[in-house]
Peer 1: 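Before I ask anything, here is the structure I am working with.
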Amino acid sequence: MATRRVWLVRHGESESNAGLPTNGPAAAPLTALGRRQAERVAAQLPESPALIVSSPFVRARQTARATVERFPDVAYEEWPVQEFTYLGRLHAPQTTAEQRRPHSDAYWQRCDPAYVNGGNGESFKAVIARARAFLDRAAHHPVDGPIAVFSHGLFIKTVMWTLLTGVTDPSAADMRTFRHFDGVCYVPNGTIVELRRSGGEDWRVVAGGTAHLPELSTAPETAAATRLD
């Protein structure tokens, strides 16, 4: 039976990752380092993808651009694989990740999977449903070959966590477990995580790597580096 392969790629370093102020969760562009990381990701792919997919957020689209340029004949699509935007309007214009940290901490301390923060945020239940919808779409896409998906740290962790645990309708206890997983699972900018699925089997997670990103080989694995995207 044919095996479906998906390369989940975290975007390159964004201005938000670098501690700079941004204008909402979708707007942060890549830094110069992030653009170099995008080029390394494109060069690292072992073969041409059959489809290139990006989140609609700027930093993911900019990261995907290098791969689109390397494989100009490959179709490009945007799917709802954007970051988990649980702060909603509390992610105010011209704020840094550190300035938003109290709102982030309060959200996770509340630990309510159905809670919608800031009036228009995304609930934890909703992001789990979005991750499952992504997996279903990728599994049944008619394209023949690997799919390269440019996404975000917390969303990639959500996809991995729902596969590893089997949780699709999370409770408060599940949300606390995810928060722990978030803290111990390090997904640096530019990481590639592969998913594989054969026939009617469920997806399998293939551990990612950062050998193509030498400046990350000895980078400190801090929770802040991945939680505040």
Peer 1: For His152 and Leu154, indicate whether the former's side chain and the latter's backbone hold a donor-acceptor pair under 3.5 Å.
Peer 2: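 Looks like no, no N/O pair under 3.5 Å.
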
Peer 1: Does the pair Glu39 and Arg36 meet the rule for a salt bridge (Lys or Arg N to Asp or Glu O under 4.0 Å), with working shown?
Peer 2: CA-CA 5 Å; Glu39 292 170 356; Arg36 292 196 298 273; over 6 Å; no

Peer 1: Say you draw a straight line from CD of Glu83 to OG1 of Thr158; how long is it, rounded to the nearest 0.5 Å?
Peer 2: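 Atom-to-atom, Glu83:CD and Thr158:OG1 are 7.5 Å apart.
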
Peer 1: To the nearest 0.5 Å, what is the distance between CD on Gln82 and CZ on Arg59?
Peer 2: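 Output value for this atom pair is 10.0 Å.
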
Peer 1: Does a donor on one side chain and an acceptor on the other come within less than 3.5 Å for Asp174 and Ser171?
Peer 2: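 Asp174 vs Ser171: donor-acceptor pair found between side chains.
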
Peer 1: Taking the side chain as every heavy atom from C-beta outward, state whether Ile128 and Val167 have any pair of such atoms under 4.5 Å apart.
Peer 2: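 Side-chain contact under 4.5 Å: no.
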
Peer 1: With distance as the sole test, does Asn189 use its side chain to make a donor-acceptor pair with the main-chain N or O of His11 at under 3.5 Å?
Peer 2: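 Pair found, side chain donor or acceptor close to backbone of His11.
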
Peer 1: Please report the interatomic distance CG(Leu30) to OG(Ser16), rounded to the nearest 0.5 Å.
Peer 2: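 Between atom CG of Leu30 and atom OG of Ser16 there are 12.0 Å.
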
Peer 1: Quick check: are there more than 12 heavy atoms from other residues, nucleotides or ligands sitting under 6.0 Å from CZ of Arg137?
Peer 2: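 Atom CZ in Arg137 is crowded, with more than 12 foreign heavy atoms closer than 6.0 Å.
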
Peer 1: Any donor and acceptor pair, going by atom type alone, linking the side chain of Glu15 with main-chain N or O of Pro21 inside 3.5 Å?
Peer 2: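 Not a single qualifying donor-acceptor pair exists.
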
Peer 1: According to the interplanar angle, ranging from 0 to 90°, do the rings of Tyr86 and Tyr107 count as parallel (below 30°), tilted (30 to 60°) or perpendicular (above 60°)?
Peer 2: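 Because their plane-to-plane angle is under 30°, the rings of Tyr86 and Tyr107 count as parallel.
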
Peer 1: Do Val53 and Val58 share a hydrophobic cluster, counting only Ile, Leu, Val, Met, Phe, Trp and Tyr and linking them when any side-chain heavy atoms are less than 4.5 Å apart?
Peer 2: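 No.
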
Peer 1: Look up atom CH2 in Trp7 and atom CD in Gln44, then write down how far apart they are to the nearest 0.5 Å.
Peer 2: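 One gets 10.0 Å once the value is rounded to the nearest 0.5 Å.
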
Peer 1: Keeping Asp112 on the side-chain end and Ala172 on the backbone end, is there a donor-acceptor pair under 3.5 Å?
Peer 2: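 No, the answer is negative, given that no donor and acceptor are paired below the 3.5 Å cut-off.
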
Peer 1: Ignoring hydrogens and angles, tell me if any N or O in the side chain of Lys157 forms a donor-acceptor pair with the backbone of Asp182 under 3.5 Å.
Peer 2: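 Checked: pair present.
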
Peer 1: Quick check: does any side chain N or O of Asn23 sit under 3.5 Å from a backbone N or O of Gln94, one acting as donor and the other as acceptor?
Peer 2: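 Answer holds: yes.
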
Peer 1: Taking Val205 as the starting point, is it possible to reach Val127 by hopping between hydrophobic residues whose side chains are less than 4.5 Å apart?
Peer 2: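 In one cluster with Val127: Val205, yes.
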
Peer 1: On a heavy-atom basis, which atom in Ile156 and which in Val9 lie closest, and how many Å separate them?
Peer 2: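 That closest heavy-atom pairing would be CD1-C, 3.8 Å.
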
Peer 1: Using 30° and 60° as the class boundaries, would you call the ring planes of Phe84 and Phe124 parallel, tilted or perpendicular?
Peer 2: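 Ring orientation, 0 to 90° scale: tilted.
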
Peer 1: Report yes if some heavy atom in the side chain of Val159 is under 4.5 Å from a heavy atom in the side chain of Val81; otherwise report no.
Peer 2: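 Val159 does not reach Val81 side chain to side chain.
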
Peer 1: What closest approach, in Å, do Thr96 and Gly19 show between heavy atoms, and which atom pair accounts for it?
Peer 2: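 For Thr96 versus Gly19, the nearest heavy atoms are CG2-O, 3.5 Å.
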
Peer 1: Just by modelled atom types, is the Glu201 backbone N or O under 3.5 Å from a matching donor or acceptor in the Arg197 side chain?
Peer 2: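 Pair found, side chain donor or acceptor close to backbone of Glu201.
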
Peer 1: Do the side chains of Trp203 and Val143 join up, straight or via other hydrophobic residues, at under 4.5 Å, putting them in one cluster?
Peer 2: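 Yes; Val143 is reachable from Trp203 via cluster members.
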
Peer 1: Restricting to non-hydrogen atoms, name the atom on Arg61 and the atom on Tyr76 that form the minimum distance, rounded to 0.1 Å.
Peer 2: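 Scanning both residues, the minimum pair turns out to be CG-OH, 3.6 Å.
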
Peer 1: Tell me the closest heavy-atom pair linking Pro25 and Thr85, and the distance in Å.
Peer 2: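 Reported closest heavy-atom pair: CB-CG2, 3.7 Å.
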
Peer 1: For the pair Arg130 and Glu122, find out whether any cationic side-chain nitrogen is under 4.0 Å from an anionic carboxylate oxygen.
Peer 2: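 So Arg130 pairs with Glu122 through a salt bridge.
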
Peer 1: Quick one, Glu47 and Arg5 - any side-chain contact, counting heavy atoms below 4.5 Å?
Peer 2: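 Yes; the side chains approach each other to less than 4.5 Å.
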
Peer 1: Which heavy-atom pair separates Phe150 from Val41 by the least distance, and what is that distance?
Peer 2: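 Scanning both residues, the minimum pair turns out to be CE2-CG1, 4.0 Å.
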
Peer 1: Would a hydrophobic clustering, with Ile, Leu, Val, Met, Phe, Trp and Tyr connected at side-chain separations under 4.5 Å, put Ile192 with Val74?
Peer 2: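 Looking at the clustering, Val74 is in the same group as Ile192.
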
Peer 1: Heavy-atom count around Asp144 CG within 6.0 Å, excluding the residue itself: above 12?
Peer 2: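 12 or below, so no.
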
Peer 1: Is there a donor-acceptor contact under 3.5 Å from the side chain of Arg100 to the main chain of Thr95?
Peer 2: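 Side chain of Arg100 to backbone of Thr95: a pair is present.
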
Peer 1: Please say whether the positively charged group of Arg110, taken as NZ for Lys or CZ for Arg, lies over the ring of Tyr115, i.e. under 6.0 angstrom from the six-membered ring centre and within 45 degrees of the axis.
Peer 2: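 Arg110 over Tyr115 ring: yes.
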
Peer 1: Taking Ala28's backbone N and O only, do any of them form a donor-acceptor pair with Thr22's side chain (distance below 3.5 Å, no angle check)?
Peer 2: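 Judged by distance alone, no pair lies under 3.5 Å.
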
Peer 1: Looking only at non-hydrogen atoms, find the nearest pair between Ser198 and Thr3 and report the distance.
Peer 2: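 Closest heavy-atom pair between Ser198 and Thr3: OG-OG1, 2.9 Å.
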
Peer 1: Check step by step if side chain to side chain contact (heavy atoms under 4.5 Å, CB included) holds for Arg196 and Arg4.
Peer 2: CA-CA 6 Å; Arg196 295 180 187 174; Arg4 163 67 77 218; over 6 Å; no

Peer 1: Applying side chain to side chain contact (heavy atoms under 4.5 Å, CB included) to Asp169 and Lys125, what does each step give before you reach the verdict?
Peer 2: CA-CA 7 Å; Asp169 184 19; Lys125 282 181 177 285; 2.5 Å; yes

Peer 1: For the pair Arg10 (side chain) and Val187 (backbone), establish whether a donor and an acceptor sit closer than 3.5 Å, ignoring hydrogens and angles.
Peer 2: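 Yes; judged by distance alone, with no hydrogens or angles, the pair exists.
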
Peer 1: Go through the steps to decide whether Arg176 and Trp108 satisfy the test side chain to side chain contact (heavy atoms under 4.5 Å, CB included), and finish with yes or no.
Peer 2: CA-CA 8 Å; Arg176 284 190 290 271; Trp108 291 105; over 6 Å; no

Peer 1: Test His141 against Glu77 for side chain to side chain contact (heavy atoms under 4.5 Å, CB included), laying out the working first.
Peer 2: CA-CA 12 Å; His141 198 286; Glu77 299 178 2; 3.9 Å; yes

Peer 1: Please report the interatomic distance CZ(Phe57) to OG(Ser14), rounded to the nearest 0.5 Å.
Peer 2: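 It comes to 11.5 Å.
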
Peer 1: Just how far is it from atom OG1 of Thr162 to atom CZ of Phe178, taken to the nearest 0.5 Å?
Peer 2: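 Thr162 OG1 to Phe178 CZ: 10.0 Å, rounded to 0.5 Å.
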
